[in-house]
Amino acid sequence: QVRLVESGGGLVQPGGSLRLSCAASGFHYRDYAIGWFRQAPGKEREGVSCITVYDRNIYYADSVKGRFTISRDNANDTVYLQMNNLKPEDTAVYYCAADAGSYTSRHYCREKITRNYWGQGTQVTVSS
């Protein structure tokens, strides 16, 4: 059974940092496209950062470039999102997703496709 479990969210002041984790079971990350997405109240879900097997590029949304870093620990089937210099507009529920397939990182993050495996989400609140 495929399962994704996020952790690491919380309340942080502007300028602070958080590291989100997404642990997988039932499959191995090394064979999958993986992404972090977020959804703020009243807004559409946004692809934040994605990394895939197909290409060596990593996609970051313009709004997080230079502040967020995605990484993958294949040995432990865990994906991380290091978030630095957080801003109030980063407040959202963050989800990780994964799929098999030949996606580029940009495609997996930006296109309206069916993503089959999702975590339960973790709340990130940036506020003073």
Side-chain angles (χ1 to χ4, degrees):
Q1 181 181 358
V2 173
R3 190 170 179 226
L4 301 175
V5 178
E6 297 107 337
S7 61
L11 172 64
V12 63
Q13 292 186 342
S17 298
L18 285 174
R19 188 175 79 157
L20 305 183
S21 300
C22 180
S25 60
F27 70 99
H28 294 298
Y29 270 141
R30 64 176 182 267
D31 300 323
Y32 278 63
I34 307 155
W36 284 99
F37 299 80
R38 67 186 181 186
Q39 189 163 20
K43 294 188 176 181
E44 290 190 355
R45 185 177 60 201
E46 173 190 22
V48 174
S49 182
C50 292
I51 185 168
T52 70
V53 177
Y54 183 73
D55 66 30
R56 296 186 178 184
N57 297 316
I58 296 176
Y59 172 84
Y60 292 102
D62 288 343
S63 57
V64 306
K65 279 182 182 176
R67 300 188 297 122
F68 289 12
T69 303
I70 189 172
S71 61
R72 174 166 55 188
D73 180 350
N74 287 337
N76 293 305
D77 287 321
T78 302
V79 173
Y80 302 98
L81 185 69
Q82 178 67 44
M83 305 186 296
N84 298 327
N85 190 22
L86 283 159
K87 303 176 180 180
E89 51 264 42
D90 294 319
T91 296
V93 179
Y94 284 70
Y95 300 90
C96 60
D99 276 272
S102 300
Y103 303 100
T104 65
S105 54
R106 182 181 178 86
H107 183 100
Y108 191 67
C109 251
R110 290 180 59 91
E111 298 301 315
K112 293 188 185 298
I113 58 174
T114 298
R115 298 172 183 87
N116 289 298
Y117 304 115
W118 290 92
Q120 82 285 0
T122 185
Q123 176 71 45
V124 171
T125 303
V126 184
S127 175
S128 55

For residues A97 and F37, report the shortest heavy-atom separation together with the two atoms involved. CB-CE1, 3.8 Å
With a 3.5 Å distance limit and no angle check, can you tell me whether S21 reaches the backbone of E6 through a side-chain donor-acceptor pair? no
Looking only at heavy atoms, what is the nearest atom pair of V93 and G121, with distance? CG1-CA, 3.9 Å
Restricting to side-chain contact (heavy atoms from CB on, under 4.5 Å), what partner residues turn up for D77, sequence neighbours left out? A24, H28, Y29
So which atom in G47 and which in A61 form the shortest heavy-atom distance, rounded to 0.1 Å? O-CB, 3.5 Å
For Q82, give me all partners under side-chain contact (heavy atoms from CB on, under 4.5 Å), at least two apart in sequence or on another chain. S17, R19, T69, N84
Could you list the residues that satisfy side-chain contact (heavy atoms from CB on, under 4.5 Å) with T114, not counting sequence neighbours? N116
Indicate yes or no for a side-chain donor-acceptor contact from Q120 to the backbone of V5 under 3.5 Å, with no hydrogens or angles considered. no
Between atom CG of D99 and atom CZ of R115, what is the distance when rounded to the nearest 0.5 Å? 8.0 Å
Aromatic rings Y108 and Y103: how do their planes relate, parallel, tilted or perpendicular, breaks at 30° and 60°? tilted
Gap between atom OG1 of T78 and atom CG of L4 - 0.5 Å precision: 10.5 Å
How many angstroms lie between OH in Y60 and CZ in R106, if you round to the nearest 0.5 Å? 15.0 Å
Value for OG1 (T104) from CD (E111), rounded to nearest 0.5 Å, stands at 8.0 Å
What residue pairs, at least two apart or across chains, pass disulfide (SG to SG under 2.5 Å) with a residue in residues 65-120? C22-C96, C50-C109
Could you give the distance from CG (L81) to OG1 (T122), rounded to the nearest 0.5 Å? 11.0 Å
Report the C-alpha separation of M83 and V64 in whole Å, then their side-chain angles, then the decisive distance to 0.1 Å, and conclude whether the side-chain contact (heavy atoms from CB on, under 4.5 Å) test is met. CA-CA 8 Å; M83 305 186 296; V64 306; over 6 Å; no
Just jot down the side-chain contact (heavy atoms from CB on, under 4.5 Å) partners of S71, sequence neighbours excluded, or say none. Y80
Inter- and intrachain pairs under side chain to side chain donor-acceptor pair (under 3.5 Å), touching residues 34-46, at least two apart: R38-E46, R38-S63, R38-D90, R38-Y94, E46-S63
Is it the case that the side chain of Q13 and the backbone of S128 share a donor-acceptor pair, with hydrogens and angles ignored and the cut-off at 3.5 Å? no
Sub-4.5 Å side-chain heavy-atom contact between T91 and Q123: yes
Can you check whether I51 reaches S105 side chain to side chain, under 4.5 Å on heavy atoms? no
Shortest non-hydrogen pair, R72 vs V79, comes out as CG-CG2, 4.2 Å
If you round to the nearest 0.5 Å, how far is CG of L20 from CZ of F68? 8.0 Å
